[in-house]
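Report on the following structure.
Numbered from 1 within each chain, the chains take letters A, B, ... in sequence-line order. Bear in mind the structure is a predicted one, so any value in this text is a computation, not a measurement.
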Protein chains: 2
Amino acid sequence: MDPTVSLDLRVDRSSPVPLYFQLSQQLEAAIEHGTLTPGSLLGNEIELAARLGLSRPTVRQAIQSLVDKGLLVRRRGVGTQVVHSQVKRPLELSSLYDDLEAAGQRPATKVLVNTVVPASAAVAAALGVAEGGDVHRVERLRLAHGEPMAYLINHLPPGLLDLDTDQLEATGLYRLMRSAGITLHSARQSIGARGATAAEAERLTEAEGAPLLTMQRTTFDDTGRAVEFGDHTYRPGRYSFEFQLLVRP
Amino acid sequence: MDPTVSLDLRVDRSSPVPLYFQLSQQLEAAIEHGTLTPGSLLGNEIELAARLGLSRPTVRQAIQSLVDKGLLVRRRGVGTQVVHSQVKRPLELSSLYDDLEAAGQRPATKVLVNTVVPASAAVAAALGVAEGGDVHRVERLRLAHGEPMAYLINHLPPGLLDLDTDQLEATGLYRLMRSAGITLHSARQSIGARGATAAEAERLTEAEGAPLLTMQRTTFDDTGRAVEFGDHTYRPGRYSFEFQLLVRP
DNA sequence: AAGTGGTCTAGACCACTAA
DNA sequence: TAGTGGTCTAGACCACTTA
């Protein structure tokens, strides 16, 4: 049977929200709620379009956006089905601050360094600036429940952002960039592990040589400019990278 | 100027390859080649459609697929632009075997365990089978240039796949699954670090307590079935997770 | 054979951006 | 004001799956 018939789907044509988006939101909510159960088949697109008074391409656009999110699967000749598994978030360019806050961990930040320095070779290469040229350097200790979780070193190109220490302690770097009108587009990440140096060990209250989780990341905005280069170390007992990813079809 | 005019774009209507796909492939190749340089604006969609004898929605579909890949950016009122940065691969569900092979490292695999065991609580939960029920267990040592790189423990639900030891040594697990007709859909991963136990240290020729990079992964097919649960340890000097990811727009 | 999604057309109007 | 992408329509034919 078609479970969408019992769904109270409706679109508001006077709303500025696109019709396909209204529909995809309602379908997503129904999946989230369990009204549309995993494995169930949606009604066919043409019938769904007719019932809502929409054209088929519009309905397809709504469905496609959920396929892209991994919530639905289409099979030619069969139909569109709700995916069974616990798909929640296909890996996002996440901020540690947001992750911690979402987990109810009440993140705190101590800014230890906030200054302008000459770019090292590695920083210059990552940010695409001249070696020895000015770059911002920020070092922060991130705590959760008063315990050190991560030590974050970031470099930013000059003139991009006002790096106010108070703001850096009140929120995350990504939020500051977004509210400065920077549109984040992509990031290149490398996750590894190594033993802590003496300095790192002290910052994170670990022993020298203790295993640390490391992440290096360069973030680009939608003009292709590198807007941030990060070199982070995490205490592995306190943090791990969790994510879900989809297979490119 | 519109750089696409100098591009020899053409579509073959007698080909079974969809028109939008033919176009997106040619545009992607031009970006790859540098014929379409970063930052350059594509001609507008309507003109492009007219030139190719396609409808605008078809051209949009081609462009959209490249936007989804992160190669192009659209701005309303402005145009469609080639992204500046070195976007290569948005994180894929990669196989260590393929990664090593692509890097020219000539991976080798030693299968140390290939048997059926009763499912532990953790394995049962991950695979969605009954605790104590039969599951396949495979333990493999992955080497590159004769050096141990990773120790891979995998559990698979019963009856899914013939796990032939020779095949496991000749290729990767994902390739075996794909050639068995399994459509991989998504995976949930957790990447962390910890000190090596004595047993782990010996397997990987490291010292006890040496930092190890760890990954746990559950992979699902497109029916939502868990098809694999992996528990892997990597030598951090030899391996790190490298990936590029895109911001959901 | 019937039903599904996959592709494609030829238009239309709107919202946003830049000159 | 002119030009761009964003959304939407009402059809059409095809390829694939299942019965």
Side-chain angles (χ1 to χ4, degrees), chain A residues 1-5 10-25 27 39-68 71-83 181 183 222-223 249, chain B residues 1-5 10-25 27 39-68 71-83 181 183 222-223 249:
Chain A
M1 275 291 127
D2 171 3
T4 61
V5 295
R10 57 182 70 188
V11 293
D12 174 7
R13 300 196 86 102
S14 69
S15 161
V17 177
L19 300 175
Y20 80 89
F21 193 75
Q22 293 184 35
L23 177 53
S24 71
Q25 276 188 316
L27 290 174
S40 62
L41 280 158
L42 261 61
N44 75 60
E45 300 171 349
I46 291 152
E47 184 271 343
L48 194 54
R51 190 146 53 84
L52 288 164
L54 297 173
S55 70
R56 187 183 166 204
T58 301
V59 171
R60 274 186 67 80
Q61 192 175 1
I63 290 176
Q64 187 59 46
S65 72
L66 298 181
V67 171
D68 292 340
L71 296 173
L72 297 177
V73 181
R74 286 207 243 231
R75 299 170 199 270
R76 196 196 297 226
V78 179
T80 303
Q81 222 171 353
V82 179
V83 166
T183 307
D222 60 0
T223 70
Chain B
M1 272 295 127
D2 172 2
T4 61
V5 296
R10 57 182 71 186
V11 293
D12 174 8
R13 301 196 86 102
S14 71
S15 161
V17 177
L19 300 175
Y20 80 89
F21 194 74
Q22 293 184 34
L23 177 54
S24 71
Q25 276 187 317
L27 291 174
S40 62
L41 279 158
L42 262 61
N44 75 60
E45 299 171 349
I46 292 153
E47 185 270 344
L48 195 54
R51 190 146 53 83
L52 288 164
L54 297 172
S55 70
R56 187 183 167 204
T58 301
V59 171
R60 275 186 67 80
Q61 193 175 359
I63 291 176
Q64 187 58 46
S65 72
L66 298 182
V67 171
D68 292 341
L71 296 174
L72 297 177
V73 181
R74 287 207 244 230
R75 298 169 199 271
R76 198 197 296 225
V78 179
T80 304
Q81 221 170 353
V82 179
V83 165
T183 306
D222 60 359
T223 70

Next on the checklist: Suppose we screen for salt bridge (Lys or Arg N to Asp or Glu O under 4.0 Å). Which residues come up paired with A:R10, at least two apart in sequence or across chains?
Outcome noted: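 Scan of A:R10 (salt bridge (Lys or Arg N to Asp or Glu O under 4.0 Å), adjacent residues dropped) gives A:D8.
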
Check your understanding: Would a 4.5 Å heavy-atom cut-off, applied to side chains only, mark B:V73 and B:T80 as touching?
Key -> no

TODO: Measure the shortest side-chain to side-chain distance between B:N44 and B:R56 over non-hydrogen atoms and say whether it is less than 4.5 angstrom.
DONE: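 No, too far: nothing below the 4.5 Å cut-off.
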
Query - Over all atoms of both residues, closest heavy-atom pair of B:Q22 and B:V11 - result: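 Of all heavy-atom pairs spanning B:Q22 and B:V11, the closest is OE1-CA, 3.4 Å.
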
Checklist entry - Which atom pair, heavy atoms only, marks the closest approach of B:L72 to B:V83? => result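 Nearest pair, atom of B:L72 first, then B:V83: C-CG2, 3.8 Å.
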
Assert: residue with more 5' nearest nucleotide on DNA chain D, out of B:E45 and A:G53, is B:E45

With heavy atoms of chain B within less than 4.0 Å as the criterion, where does contact along DNA chain C begin and end?
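The footprint of chain B covers C:dT7 to C:dT17.
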
(message) Under 4.0 Å, heavy atoms only, any strand: does B:L19 hit a base, just the sugar-phosphate, or nothing?
(response)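 Sugar-phosphate: the residue B:L19, judged by heavy atoms under 4.0 Å, touches backbone atoms but no base.
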
### Message
What's B:P18 touching, base or sugar-phosphate or nothing? Going by heavy atoms closer than 4.0 Å.
### Response
sugar-phosphate

Residues passing the side chain to side chain donor-acceptor pair (under 3.5 Å) test with A:R74, sequence neighbours excluded, are A:E45, A:Q64

For B:S15, the side chain to side chain donor-acceptor pair (under 3.5 Å) test, sequence neighbours excluded, returns none

Per the under-4.0 Å heavy-atom filter, residues of residues 74-82 of chain B near DNA chain D come out as B:R74, B:R75, B:R76, B:G77, B:V78, B:G79, B:T80

For B:S55, the side-chain contact (heavy atoms from CB on, under 4.5 Å) test, sequence neighbours excluded, returns B:P57, B:T58

